[in-house]
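Have a look at the structure below before the remarks.
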Amino acid sequence: MNEKYIPSEVEAKWQKDWAKEKAFSTEINRQRPEYYVLEMFPYPSGNLHMGHVRNYSIGDVVARYKKMQGYNVLHPMGWDAFGMPAENAAIKHGINPADWTWDNIANMRRQQQELGLSYDWDREVATCHPDYYKWTQWMFLLFYEKGLAYKKKAAVNWCEDCHTVLANEQVVDGRCWRCDSVVVKKELEQWFFRITEYADRLLEDLKDLKGWPERVKTMQENWIGRSTGAEFSFDIPEIAEKIFVYTTRPDTVFGVSYVVLAPEHPLVEKLVAGRPEAKEVRAFVDRVKNLSEISRTSTETEKEGVFTGAYAVHPFTGEKVPIWVTNYVLMEYGTGAVMGVPAHDQRDWDFADKYSLPKRLVIQAPSGDSTIETMTAAYEGSGQMVNSAEFSGRDNESGKDVICAWLEEHGVGKRRVNYRLRDWLVSRQRYWGAPIPMIYCDKCGVVPVPKEALPVMLPNNISFDSGTVSPLAKVEEFVNCSCPNCGNRARRETDTMDTFICSSWYYFRYTDPHNSTLPFDSAKVNYWMPVDQYIGGVEHAILHLLYARFFTKVLKDAGLMNIGEPFKNLLTQGMVIKDGAKMSKSKGNVVSPEEIIAKYGADTARVFILFAAPPERDLEWSDQGVEGAYRFLNRLWRIVGHYAGENALVADEYDPSKLNKNERELRRVLHVTIRKVSEAIGERFNFNTAISSIMELVNAMYAFRELQAEASPGLIREVVAGLLKLLAPFAPHITEELWHETIAEGSIHAQTWPVFDAAAVEVDEVEIVLQINGKVRDKIIVPVGLGASELESMAFEQDKVKELVADKKVVKVICVPQKLVNIVVK
RNA sequence: GCGGGCGUGGCGGAAUGGCAGACGCACCAGACUUAGGAUCUGGCGUUUCACGACGUGGAGGUUCAAGUCCUCUCGCCCGCACCA
């Protein structure tokens with residue numbers, strides 16, 4: 001074999017071979033347990049970055065390891081290929097978005113192949129391909145049939161830069177998640193998916209996701225934001241209307257001193273019409289409405305309001321309470337109106353202070369001596385109800401229930417569950433997406449495109465300008481169509497779908513990527529799904545991961561398969577950092593994977609990235625660390641090369657019990673390593689410690705070679721074969737090459753994982769730590785398996801121990817066999 | 001404010017309650033060499049000539065024994081945040 005390790009030669013050779021042999025193609029096989037490992041598919045921006053390399057390296061180790069363990073492994077890759085950047089490239093450089101996207105895919109696929117990733121390329125999907133988006137459209141129609149897709153006019157998030165609306169999940173701190181520009185509210189008619197209908201199940205089933213990180217589940221829980229309480233009404237006799245309020249604290253209802261409405265509340269105008277307060281209220285409402293989402297919802301913004309001049313009737317007491325309009329009530333949550341209870345809600349307390357509204361104590365804290373006069377803040381805890389008519393004296397927790405019962409009995413209100421989660425706004429005023437398959441007919445209204453007419457193809461002859469309407473609206477051949485119902489002239493919907501829809505079901509398509517009659521065959525999905533291990537960045541904790549869960553539940557309810565949750569185990573990998581910051585063009589700290597591969601090879605890149613940190617943690621890029629990984633592979637190459645072509649590697653049977661001491665030690669290290677690596681990969685995904693123990697094995701081989709030039713026949717073969725197999729998932733090319741050079745003809749990646757031999761790791765002597773008062777004072781080597789009493793007496797025979805114990809009184813002796821003796825003296 | 005995570009050598013990071021710092025990087029020394037930024041061998045927490053003492057953000061506690069368990073506290077990171 002070649003004396004020098006030349007990664008480029010080795011890697012190209014085996015990549016070609018794997019592709020030719022279709023080494024990683026997968027079919028259903030009921031003889032073996034199935035395992036589905038999936039990395040979040042990328043947006044084809046054109047080039048892989050280190051975050052991708054990390055993501056795919058992690059997945060590839062899992063895939064290759066599981067395969068060697070005997071699993072039937074599905075490990076696919078594809079492209080989240082619709083989206084804005086393609087369109088921006090078109091606008092900026094006049095390139096066709098489809099061409100731009102397909103070129104990028106070709107380049108990134110090449111880069112992935114150069115990383116030696118074990119994908120089943122026959123299953124590749126691209127969401128922008130008509131064979132794929134046909135089924136995305138089919139999904140839309142399914143949602144429509146089930147009443148889960150609907151159109152409504154609402155105040156929606158509008159991104160001025162992207163010229164499109166956004167779902168709530170895509171607005172981060174009042175800014176667009178993609179371009180970071182400030183989002184404004186616009187009244188528009190848009191398509192929504194009724195995700196709120198699934199809110200409870202999305203929340204409930206989180207409990208079963210034992211393999212998900214706690215923080216992702218918490219984030220979803222917060223996002224769904226379930227709260228329980230009551231909704232009830234205050235009469236406004238003057239205008240014969242009711243104000244409905246929502247509260248989680250019905251037990252504080254006797255503390256109400258005012259009612260507040262959101263500025264957008266439909267009753268505001270009705271209430272103030274013709275009153276002297278009208279002018280001031282209208283001015284206030286206008287001012288608040290014009291504020292940006294950020295300043296509007298910031299907790300720092302001072303609570304402000306105006307009195308409408310109108311009063312409502314308290315349903316319990318019959319008292320008149322003033323109606324105010326304020327900036328701290330949101331129209332989108334609950335009913336857009338709130339009862340003000342200053343004594344027991346800090347926001348109301350602040351508001352009451354500012355406008356000198358009365359405060360009434362209705363929950364007495366356990367200390368029992370609070371009065372409004374002595375309180376300096378609202379009391380939001382629990383306690384005893386006071387000043388609450390017949391409810392006084394009750395503890396407030398049971399009071400909630402009793403108040404609700406009263407409301408229901410008197411027909412004033414009812415118990416209600418509320419969610420922070422809103423319906424998913426799915427239409428986008430953009431070109432490069434899956435067209436929404438709907439038609440507008442003057443006679444028939446909104447008509448879905450018949451499924452047999454799918455896909456609704458994206459036209460290619462598109463012109464871009466920075467207008468405000470959807471680009472598709474300007475393509476007459478696209479817009480004009482005939483109504484599927486009556487045949488008259490009709491217009492197509494010109495919005496496209498949020499790309500998160502495309503990515504909400506791709507993992508199903510992988511199980512049956514070429515199906516031309518259905519999005520997937522349910523038997524195939526049921527065989528492969530759920531994904532056993534999903535790997536990706538935590539930035540999708542709510543977005544993609546929530547939508548995907550929603551989709552899965554809808555498809556299950558539609559009877560398309562029987563999977564309730566898509567991703568059994570989720571690994572959220574950390575970011576790749578350099579000089580303390582995330583790699584980014586603007587920071588100028590980007591290291592290109594292609595350069596690293598060209599210089600050191602893919603195996604080095606993979607080993608470095610997996611060795612430098614555990615997968616969940618952020619990874620600090622280090623050029624010297626890469627050198628270290630490269631050095632390790634060279635060291636491996638040399639030590640294996642040293643034995644290649646020698647008798648050491650002949651496939652002789654041998655008797656491990658005949659080995660000498662050095663040889664037994666080498667064999668012991670091998671088996672300890674097998675155990676450690678198996679545990680580190682299989683149980684904890686601690687790839688960094690797995691690699692470190694493989695390094696120790698290589699070090700042990702060097703140490704052995706120093707001790708003796710020749711080895712018993714068969715031993716080196718066992719060690720080399722084991723070593724290569726253990727490293728194969730991490731560094732697939734170099735191990736494949738060395739395997740062929742030294743062990744056998746077939747691919748190492750089709751081998752079975754090495755088996756740990758318990759007998760091999762047995763030792764006959766063990767070091768015992770001798771402690772006095774918990775401090776290490778001596779160490780002794782003793783035969784393995786000594787009992788506590790023997791150990792204890794041996795400990796006391798040591799000179800050092802005698803000396804230190806001599807004039808003291810032994811209080812206690814703790815013996816941990818195989819480990820230590822601790823003598824407690826006074 | 002609420003929720004989650006993290007604090008260990010010069011650095012990345014290891015440690016089922018049982019010898020803190022595995023492995024790697026950097027650094028130092030030796031060997032080999034015309035040469036070495038290659039390779040091999042060894043050293044490498046702080047302090048002390050040494051015995052030893054000290055050491056896992058800080059302060060307490062439990063324990064024969066604590067990086068690990070408990071209480072409090074400081075710092076950093078992430079998520080959510082006027083959600084009634």
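Worth saying up front: this structure is predicted, and the values here are computed from it rather than measured. In what follows, every chain begins at residue 1, and chains take the letters A, B, ... in the order their sequences are listed.
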Which atom names give the shortest non-hydrogen contact between [X] and [Y], and what distance separates them?
X         : Y         : answer
Ile58(A)  : Gln573(A) : CD1-CB, 4.1 Å
Gly305(A) : Tyr355(A) : N-OH, 3.0 Å
Thr572(A) : Pro213(A) : OG1-CG, 3.8 Å
Asn168(A) : Trp223(A) : O-CH2, 3.7 Å

Notebook entry, point to check: Is Ser257(A) close to Pro342(A) at the side-chain level, that is, under 4.5 Å between some pair of heavy atoms?
Noted result: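 Sidechains of Ser257(A) and Pro342(A): in contact.
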
Item checked: Side chain to side chain, Trp177(A) and Leu543(A), heavy atoms closer than 4.5 Å ->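 Contact flag for Trp177(A)/Leu543(A) side chains = yes.
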
Are OP1 or OP2 of [N] and a side-chain N or O of [X] less than 4.0 angstrom apart?
X         : N      : answer
Tyr246(A) : A84(B) : no
Lys819(A) : U16(B) : no
Arg420(A) : A81(B) : yes

Checklist line | Within 45° cone of Tyr5(A) ring axis and under 6.0 Å: Arg638(A) NZ or CZ | finding: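 No cation-pi geometry.
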
Item checked: Stem list, RNA chain B (Watson-Crick or G-U pairing under 3.5 Å, at least 3 consecutive pairs) ->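 Ordered by first number, the stems with RNA chain B (at least 3 consecutive pairs each) read B:1-7 with B:74-80, B:10-12 with B:23-25, B:27-31 with B:39-43, B:45-47 with B:52-54, B:57-61 with B:69-73.
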
Under 4.0 angstrom, heavy atoms only, what part of the nucleic acid is [X] near: base, sugar-phosphate, or nothing?
X         : result
Pro213(A) : nothing
Ser227(A) : sugar-phosphate
Asn699(A) : sugar-phosphate
Thr247(A) : sugar-phosphate
Gly225(A) : nothing
Lys800(A) : sugar-phosphate
Glu767(A) : base
Val260(A) : nothing
Lys779(A) : base

Note to self: So does Leu770(A) get a backbone contact from the side chain of Asp778(A), meaning a donor-acceptor N/O pair under 3.5 Å?
What the structure shows: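 Checked: no pair found.
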
Margin query: Looking at Asn589(A) and Ala581(A), would you say the former's side chain and the latter's main chain have a donor-acceptor pair under 3.5 Å?
Written below: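 It does hold such a pair.
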
Measure the distance from [atom1] on [X] to [atom2] on [N] and round it to the nearest whole Å.
X         : N      : atom1 : atom2 : value
Leu727(A) : G24(B) : CG    : P     : 14 Å
Trp349(A) : A84(B) : CH2   : C1'   : 18 Å
His265(A) : A84(B) : NE2   : P     : 17 Å
Leu206(A) : G3(B)  : CG    : C1'   : 15 Å
Met219(A) : G3(B)  : CE    : P     : 16 Å
Arg226(A) : C80(B) : CZ    : P     : 22 Å
Glu539(A) : C80(B) : CD    : P     : 13 Å
Asn222(A) : C2(B)  : CG    : C1'   : 8 Å

Looking at [options], which one has an atom nearest to any side-chain atom of [X]?
X         : options                : result
Asp345(A) : A84(B), C19(B), C82(B) : A84(B)
Gln624(A) : G52(B), A26(B), G3(B)  : A26(B)
Val776(A) : G3(B), C23(B), C19(B)  : C19(B)
Arg777(A) : G52(B), A81(B), C23(B) : G52(B)
Asn327(A) : A84(B), C82(B), A26(B) : C82(B)
Tyr328(A) : A22(B), A81(B), C82(B) : C82(B)
Thr218(A) : A53(B), C23(B), G3(B)  : G3(B)
Val769(A) : A14(B), G24(B), C19(B) : C19(B)
Asn688(A) : A15(B), C54(B), A14(B) : A14(B)

Margin query: Looking only at the aromatic ring of each residue, does the gap between the centers of Phe685(A) and Phe687(A) stay below 6.0 angstrom?
Written below: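 Yes - the distance between ring centres of Phe687(A) and Phe685(A) falls below the 6.0 Å cut-off.
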
Check: Does the gap between the ring centers of Phe730(A) and Phe611(A) come in under 6.0 Å?
Finding: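 Not under 6.0 Å, so no.
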
Notebook entry, point to check: Is the number of heavy atoms from other residues, nucleotides or ligands within 6.0 Å of NZ (Lys354(A)) greater than 12?
Noted result: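 Yes, NZ of Lys354(A) has more than 12 neighbouring heavy atoms, counting only those of other groups under 6.0 Å.
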
Next item on the list: Determine whether more than 12 heavy atoms belonging to other residues, nucleotides or ligands lie under 6.0 Å from atom CZ of Arg360(A).
Entry: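 Counting other residues, nucleotides and ligands, CZ of Arg360(A) stays at 12 neighbours or fewer.
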
At a cut-off of 3.5 Å, list every protein nitrogen or oxygen paired with a nitrogen or oxygen from nucleotides 64-68 of chain B, distance to 0.1 Å.
unit_1	atom_1	unit_2	atom_2	d
C64(B)	OP1	Lys812(A)	NZ	3.1
C64(B)	O2'	Asn822(A)	ND2	3.2
C64(B)	O2	Asn822(A)	ND2	2.7

Checklist line | Ala337(A) or Lys676(A), whichever maps to the more 5' nucleotide of RNA chain B | finding: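 So the residue in question is Lys676(A).
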
Polar-atom pairs under 3.5 Å, protein N or O versus N or O of nucleotides 36-39 of chain B: list them with distances, or write none.
unit_1	atom_1	unit_2	atom_2	d
U39(B)	O3'	Arg638(A)	NH2	3.1

Which pairs would a plain distance check flag for residues 247-256 of chain A, meaning a side-chain donor or acceptor within less than 3.5 Å of a matching protein atom at least two apart in sequence or in another chain?
unit_1	atom_1	unit_2	atom_2	d
Thr247(A)	OG1	Arg249(A)	N	2.8
Arg249(A)	NE	Asp251(A)	OD1	3.1
Arg249(A)	NE	Asp251(A)	OD2	3.2
Arg249(A)	NH1	Glu380(A)	O	3.1
Arg249(A)	NH2	Asp251(A)	OD2	3.0
Asp251(A)	OD2	Asn396(A)	ND2	2.9
Thr252(A)	OG1	Arg249(A)	O	2.8

Which atom pairs, one a donor and one an acceptor, fall under 3.5 Å between side chains of residues 672-681 of chain A and the rest of the protein, sequence neighbours left out?
unit_1	atom_1	unit_2	atom_2	d
Thr673(A)	OG1	Val669(A)	O	2.6
Ser678(A)	OG	Ile674(A)	O	2.6
Ser678(A)	OG	Trp753(A)	NE1	2.9

Check: If we ignore angles and hydrogens, is there a donor and acceptor under 3.5 Å between the side chains of Trp349(A) and Asp345(A)?
Finding: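 Their side chains do not contain a donor-acceptor pair, so the 3.5 Å distance test is not met.
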
Item checked: Approximate separation, where rounding is to 0.5 Å, of Ile691(A) CD1 and Ile609(A) CD1 ->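 Answer for the CD1-CD1 pair, Ile691(A) versus Ile609(A), is 10.5 Å.
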
Notebook entry, point to check: Would you say the side chain of Glu706(A) and the base of C40(B) hold a donor-acceptor pair, judged only by whether the two atoms sit under 3.5 Å apart?
Noted result: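 Counting by modelled atom types and ignoring angles, no donor-acceptor contact under 3.5 Å is found here.
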
Item checked: Contact pattern, 5' to 3', of nucleotides 5-12 of chain B - B, S or - by protein heavy atom under 4.0 Å -> -------B

